[in-house]
Amino acid sequence: MQKLLARSGGVLLAILLWLSVVAPLHAQVLDDTTKVLYSPLTTKVIRERDVLRDITTGQTLDTTLLTFHNIRRYWLNDTTYQQDLGNLGTASRRLLWEQPTKLGARLGRTVFDKYARTASDVVYYDTRSPYTFFRYLQGGLGEQIFQLSYARSLKKNANVGISYERLASNKVLAASPREGLIRHSGITLFGRYQTKDEQYHLLANYIITRHEAVEQGGIRPLDDASIPRALQDTVPNQLFDYQRERVWLSQAVNRDNRDDAHLAHTYRLLGKGLTAFHIFDFNRQQNRYNDDAIPYDESGKIRYYPQLSTKQQTQFDSTKTEDRALFRQIENTVGVLGHTDAVDYRVYGRYRNARLETRSLIGGESNDTLPIRTFNQFFLGGNAAFRYQQFAIQTAGEYKIVNEYWVRASARLGFLTAELFSSSYSPTLTEQQFSGNHYAWFHVDSAEFNKSQANQLLVRVEKQLGAQRFLAEGSVVNISNLIFYNQDAKPEQLNTDRQLYIGRLRHRLVLGGFYTDHDLTLTGGGDAEELRIPAAVLTSRIAYQGFLFKKALFGQVGVETYFQSRWKAYAYNPSTQQFFVQDHFTVRSYPLVDVFLTGDIKTVTVFLKMAYLNQGLLHNGYFATPYYTGNPRSFQFGIKWNFFD
């Protein structure tokens, strides 16, 4: 399938290039002065979340430069802070506390979510002319991101488009030059339709995502038997030889393949006050882990992976591993919504049908290792909002029949906001049971985990004072029955409560061409044995921007710094695709300083960046995850080009 997608991607790329370069020659419209009429102002962006509020006018394209240079956060599909394995495209997890809002049956394999498009977040267009854009990133260490998208209107009330994306990076650890680490490709077909009277709206997309990650298992320091565990905190100083380091795994690969079909449509029954809607989702996710060279020492004892017992080193095959999980689900959501200047509401019911298959290589053939599980689940949910001048109330929630829920309620008066959040949610299907060549657990029926609970109180102050904008936020979180992956990399449930104390401060200043943005998050209680969060995470950006060459070029030059405090970071287990707690490796605090130059010439935007400029000033490197180094200093170049005719 990977080869097929690569071939189809090449064909698709040729088609898109033809559409974006040749077809517009016949579509260009000029006025009497031969000036092109089309621009970002004639291309509207329409998002599903707005249509489900009955707001269908769309927004103009975002052409700002503020975050264009930050590829790790703003060129991918998740802009939250992440812990990864140090390189583009590797397994990652959200770094800070996130309120849990996913209920019911869910697979629980999320380490590659950052690179997969979410169907409900696909962007649609309302274009007066064909609209094409491509963007390309090239890094000095082999990082590449390429995306090409084409959309055009069919008459006035319909628009269709197609998008192709590719992501790749090379090995930095134990690598020969240009040795591949990550391969990612995706195709998205999308379209929208509305009737002339705007009574009916339809949005639809189909997404194919293929992600392949070579797994190295992290650095193998010296001879592992020669380093006492008590001294391993001092080992990181010796592990920054990058390409000359040794790693644990030589032929291990993780694959995450996804197919998603999505349709959302609305019909106004009584104007914008009462609109019926229906959403259909089909999702297929297959995760496969292969290791064709399980490591053993000279005595024949398995290395890196755990030995299952004194007589058994692997569960199914002693020479190679192939573990698979296939999760499929179909969802139908039906409800009503309404929107006015003062009130928004939405009420819905959702039915989910899901199926999970678990297989492994046994005797040279792939066989089921757990019984096939099926699920039929029903949810009720909705949200409501009321606004009057500086006062606003918002509520939202969802309930799974039975005994799972999340609910959020907030009130805002001027610059002050207070919010309450509460949830009760079941463990993921992977937390409930797993059977692979190296790990196995069973927490179903009599050994079933209890549902976890999370409660949060948040207070926020946000105020604009002239050229400055301030945000201060504080919250208290109480977590009960937390499920985590313990030091044996297996799921475990905590029987006592855990509290987090979270503060956030952000300050932005725009003064002429001078711009600063500082964002600090502080977390207390994130150093528990079962829950790990850095005490401080800071992003600071200082830039100057303005016009050059008689306003032909708008440019920005600046410095961006990321700082993360010392913490016992989660380790990573590639065979289960899970991060787990560990106590023998402390990731020290480190700053990352990037210097960037960004320019905008009409419809072309480019950036030049030196990433990790400060390497060698304090240390020769840093660790993103235990025994996975972050990338050394490198030069990066990116470009985005819009075509509006």
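What you see is a predicted model, and the numbers here were worked out from it, not measured in a lab.
Between the side chains of Asn481 and Gln493, no donor-acceptor pair of N or O atoms lies under 3.5 Å. Side chain to side chain, Thr605 and Asp600 meet the donor-acceptor criterion of an N or O pair below 3.5 Å. Side-chain contact check for Thr333 and Arg350: at least one donor-acceptor pair (N or O, by modelled atom type) lies under 3.5 Å.
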Steps toward side chain to side chain contact (heavy atoms under 4.5 Å, CB included) verdict (Lys156, Lys196): CA-CA 8 Å; Lys156 184 178 180 180; Lys196 292 183 178 180; over 6 Å; no
Intermediate values then yes/no, side chain to side chain contact (heavy atoms under 4.5 Å, CB included), Thr101 and Arg408: CA-CA 10 Å; Thr101 57; Arg408 179 189 291 114; 4.1 Å; yes
Step-by-step side chain to side chain donor-acceptor pair (under 3.5 Å) determination, Gln394 to Asn383: CA-CA 7 Å; Gln394 293 183 329; Asn383 58 268; over 6 Å; no
Derivation and outcome, side chain to side chain donor-acceptor pair (under 3.5 Å), residues Thr127 and Asn159: CA-CA 8 Å; Thr127 61; Asn159 188 281; 3.1 Å; yes
Step-by-step side chain to side chain contact (heavy atoms under 4.5 Å, CB included) determination, Phe415 to Glu462: CA-CA 5 Å; Phe415 57 82; Glu462 189 168 10; 5.6 Å; no
Verdict with supporting geometry, Asp594 and Tyr562, side chain to side chain donor-acceptor pair (under 3.5 Å): CA-CA 9 Å; Asp594 301 338; Tyr562 174 83; over 6 Å; no
Evaluation steps, side chain to side chain contact (heavy atoms under 4.5 Å, CB included), between Leu458 and Ile502: CA-CA 9 Å; Leu458 179 146; Ile502 305 171; over 6 Å; no
Verdict with supporting geometry, Gln545 and Gln556, side chain to side chain donor-acceptor pair (under 3.5 Å): CA-CA 4 Å; Gln545 59 188 18; Gln556 182 184 92; 2.7 Å; yes
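Expressed to the nearest 0.5 Å, how far CG of Leu592 lies from OH of Tyr622 amounts to 4.5 Å. Between atom CZ of residue Arg532 and atom OG1 of residue Thr523 there is a gap of 14.5 Å, rounded to the nearest 0.5 Å. Thr516 OG1 to Leu511 CG: the interatomic distance, rounded to the nearest 0.5 Å, is 9.0 Å. Distance check: Ser475 OG to Arg460 CZ gives 9.5 Å after rounding to the nearest 0.5 Å.
The pair Arg504-Asp519 meets the salt-bridge criterion, since a charged nitrogen lies less than 4.0 angstrom from a carboxylate oxygen. Ion pair Asp260/Arg117 not flagged as a salt bridge, since none of the NZ, NE, NH1 or NH2 atoms sits closer than 4.0 Å to an Asp/Glu carboxylate oxygen.
Nearest approach of Gly104 to Glu404, heavy atoms of both residues: N-OE1, 3.0 Å. Closest approach of Leu103 and Lys400 over heavy atoms only: CD1-N, 4.2 Å. Ile483 approaches Asn450 most closely through the heavy-atom pair CD1-O, 4.2 Å. For the residue pair Leu203 and Glu48, the shortest heavy atom distance occurs at CD1-CA, 3.7 Å. For the pair Ser424 and Asn403, the tightest heavy-atom approach, listed with the atom from each and the gap, is OG-O, 3.7 Å. Listed here is the closest heavy atom pair of Leu137 and Trp75: CB-CZ3, 3.7 Å.
With a 6.0 Å radius and a threshold of 12 heavy atoms from other residues, nucleotides or ligands, Tyr206 has its OH atom above the threshold. Within 6.0 Å of the CD atom in Glu98, the count of heavy atoms belonging to other residues, nucleotides or ligands exceeds 12. A 6.0 Å sphere centred on CD of Glu529 holds no more than 12 heavy atoms belonging to other residues, nucleotides or ligands. Enclosure of atom CG in Asp197 by more than 12 non-hydrogen atoms of other residues, nucleotides or ligands within 6.0 angstrom is indicated.
A cation-pi geometry, defined here as NZ or CZ lying under 6.0 Å from the six-membered ring centre and within 45° of its normal, holds between Arg73 and Tyr81. A cation-pi arrangement is found for Lys640 relative to Phe133, the charged atom lying closer than 6.0 Å to the ring centre and inside a 45° cone about the ring normal.
Taking 4.5 Å as the limit, some side-chain heavy atom of Phe514 sits within range of a side-chain heavy atom of Ile542. Side-chain contact check for Val160 versus Leu154: some heavy-atom pair is nearer than 4.5 Å. In this structure the side chain of Asn77 never reaches within 4.5 angstrom of the side chain of Asp121, judged on heavy atoms. Residues Phe277 and Arg346 meet the side-chain proximity criterion, which asks for heavy atoms closer than 4.5 Å.
Relative ring orientation between Phe68 and Phe607 is described as perpendicular, the plane-to-plane angle rising above 60° on a 0-90° scale split at 30° and 60°. Ring geometry for Trp641 against Phe134 counts as tilted: the plane angle lies between 30° and 60°, on a 0 to 90° scale. Note on ring orientation: taking the six-membered ring where Trp is involved, the planes of Tyr267 and Tyr200 are tilted (angle from 30° to 60°).
Remark: the backbone N or O of Ala105 is paired with a side-chain donor or acceptor of Gln377 at under 3.5 angstrom. At distances below 3.5 Å, at least one donor-acceptor pair connects side-chain atoms of Arg192 with backbone N or O atoms of Tyr125. A donor-acceptor contact shorter than 3.5 Å is absent between the side chain of Asn478 and the backbone of Asn455. Side chain of Thr110 to backbone of Asp113: no donor-acceptor contact under 3.5 angstrom is found. In terms of modelled atom types and a separation under 3.5 Å, the side chain of Arg93 and the main chain of Val111 share no donor-acceptor contact. A donor-acceptor pair under 3.5 Å is absent between the side-chain atoms of Asp54 and the main chain of Thr275, judged by distance alone. Looking only at distances, a side-chain donor or acceptor of Lys609 sits under 3.5 Å from a matching main-chain atom of His69. Side-chain atoms of Ser565 come within 3.5 Å of backbone N or O of Ala535 as a donor-acceptor pair. A donor-acceptor contact shorter than 3.5 Å is absent between the side chain of Ser410 and the backbone of Glu419. Remark: the backbone N or O of Asn70 is not paired with any side-chain donor or acceptor of Thr67 at under 3.5 angstrom.
Exactly one of Val476, Leu420, Leu500, Val477 qualifies for a side chain to side chain contact (heavy atoms under 4.5 Å, CB included) with Gln456. That residue is Val477. If you run side chain to side chain donor-acceptor pair (under 3.5 Å) between Asp517 and each of Arg506, Arg469, Arg508, only Arg506 comes through.
Between Tyr351 and Phe378, a ring centre-to-centre spacing not shorter than 6.0 Å is recorded. Checked against the 6.0 Å centroid criterion, the rings of Phe579 and Tyr570 do not qualify as a close aromatic pair.
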